[in-house]
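Both counts, for ligands and for their atoms, begin at 1 and track the order of listing.
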Amino acid sequence: MAVDSAISSPLGPPACEKDAKALQFIEETTRNADAVQERVLAEILSRNAETEYLKRFKLHGATDRDTFKSVIPMITYEDLQPEIQRIANGDRSPILSAHPISEFLTSSGTSAGERKLMPTIQEELDRRQLLYSLLMPVMNLYVPGLDKGKGLYFLFVKAESKTPGGLLARPVLTSYYKSDHFKTRPYDPYNVQTSPNEAILCADSFQSMYSQMLCGLVERHQVLRLGAVFASGLLRAIRFLQLNWTQLAHDIRTGTVNPKITDPGIKDCLARILKPQPELADFIAKECSEDNWEGIITRIWPNTKYLDVIVTGAMAQYIPTLDHYSGGLPLACTMYASSECYFGLNLNPMCKPSEVSYTIMPNMAYFEFLPHEPNSACSTRGSAPKLVDLVDVEVGKEYELVITTYAGLYRYRVGDILRVTGFHNSAPQFHFVRRKNVLLSIDSDKTDEAELQKAMENASEILRNFNTSVVEYTSYADTTTIPGHYVIYWELLVKDPANSPSHEVLNRCCLAMEETLNSVYRQGRVADNSIGPLEIRVVKNGTFEELMDYAISRGASINQYKVPRCVNFTPIMELLDSRVVSAHFSPALPRWTPERRR
Ligand code: AMP
């Protein structure tokens, strides 16, 4: 149970009538967390009692927790592959869910190099919308006056494809932005945005970003908050401004639109918004032509009260850069969600990034928690692991999140490790610790050790012709560039110095690695421009031995020492960088198309 000091206080007072209802909903749902969880599980199991999956495990229509826990196994995506493939191929029988699968949501987590396909049902949109509807009422408790201006949010849709059976497959946010839930959302004075729907819904990422930036610049005094889903997205917008401010200022000066904007919907919108504003254009040109962009966000958007971006998990690496561009504005992480299910929200969104905790909303799905032993390779070895219910998790302990959803995932391991920080009423609050098995991440890409190893092996094939091999390697996500990029440190053994691999050959190795990395990485490189060209830094012979000496000097055991496949500790980076003899970049984009390879 929660200790008293870890229970947060009631929410209030609300900013308006509508907020009062939302806050009351949060209070009631979290106060009755266990009863809500019991009801959610019973609903999911009773409506899906006749599905092939639940019948297979002989649940026989039971809807109680004990029976459920005793017969339904905990699974991963790989376990569900055959069912998912059948649905993707057009089998419309009730395999996982009694409600028809409306589409697949393509997760940024991958399986065999391709995005995972998460089945979803139409009514999940209501649940997502419900969670979104709670965010501003909570924010209004901490930041007054958000109804006096607008939000500049950089939001994007991504490519969609169809499965062989004809179901759409696309990211969850693309699905949400294209839904009527988003497009015809009722006017809310506390949640007015500068970006027109037409700009958000344009699939061409340049036109979408350009028009969203233009609208944000024109309404610069109105903007009270700036945001994107992830920190990397907001920094990409700043980089876009660096590269395109001349043309943007030109459009504002003349009241005409860049000829590269060809989308008719966007052109109509901009025609309504744009008029010649030479003073504004001068101001933007003056600010943007300065060499020093420190504090650029508050210079251009002086009324910004906070940045609304996720900076927890892998995104924490962007906090210093965001602070640089914003002069240290508060960073608000408002929600925690995934393609499988939207989980919960931050009830104290203006807290420091390191203190962010998400309260899981018990109405969203049935949640269980697998105790996570940080130092054991596999916490499920031996006897069957005991999963803990939402209200029974313990403060200070770490767990892996396991969900049962209305769309038909049963005891599914999400792969996120969370630490309990406290409770709001009887609903626990979690610090996002990390996603399991992620070595490198720049944007939504997630590369694990096996994928990096495979990419390495492919690239080092090229070196064979030069009688050269890679003795050791490690990697690093370099976010000092925008977009960030993967850096791979290589120590080479060149057996025939007269025939050593040239600069061009090593560049080709960079591309060969990129070609092997998963489709989320390649999409980031090709379609989203959210990841820069991969870099190989060749280090002097003996560098990895020095790395080992360093680790041992800091207490590592000589017998158990393993080369870390990813590094981010400054002294180690400094050591590696001081031994670099040459640097090489991918000379081209890897292959990527929206169609899946399998
Ligand atoms: P996707 O299914 O591609 O939308 O990715 C969902 C995953 O993104 C989650 O399982 C988390 O690993 C990560 N994620 C989502 N929201 C947050 C957050 N607020 N903080 C940290 N990581 C997050």
Q) Counting N and O atoms only, with roles assigned by atom type, does the side chain of S102 sit under 3.5 Å from a partner on the main chain of T120, one being a donor and the other an acceptor? A) yes
Q. Purely on distance, is any nitrogen or oxygen of K446 under 3.5 Å from one on ligand 1?
A. no
Q. Does even one non-hydrogen atom of S444 get within less than 4.0 Å of ligand 1?
A. no
**Q.** Sub-4.0 Å atoms of ligand 1 with respect to non-hydrogen atoms of S107
**A.** 2 (O), 3 (O)
Q) Is there a donor-acceptor contact under 3.5 Å from the side chain of D323 to the main chain of T321? A) no
Q: Would you tell me which option among V414, V309, D416 has the nearest heavy-atom contact to atom 11 (C) of ligand 1?
A: D416
**Q.** F432 N/O under 3.5 Å from ligand 1 N/O
**A.** no
Q. Would K116 count as a contact of ligand 1 if the rule is a heavy atom under 4.0 Å away?
A. no
Q: Decide whether an N or O pair under 3.5 Å exists between Y336 and ligand 1.
A: no
Q: Check each atom of ligand 1 against the heavy atoms of S339 and keep those under 4.0 Å away; list them by number with element.
A: 1 (P), 2 (O), 3 (O), 4 (O)
**Q.** Ion pair R522/E514, N-O distance below 4.0 Å
**A.** no
Q) Counting distance only, does the side-chain N/O of Y153 pair as donor-acceptor with the main-chain N or O of V229 below 3.5 Å? A) no
Q.
Suppose we call two aromatic rings close when their centres sit under 6.0 Å apart. Are Y358 and F432 close by that rule?
A. no
Q | Atoms of ligand 1 close to M335 [distance to a heavy atom under 4.0 angstrom, numbered from 1] | A | 19 (N)
Q. Hey, does T106 come in under 3.5 Å of ligand 1, counting only N/O atoms on both sides?
A. no
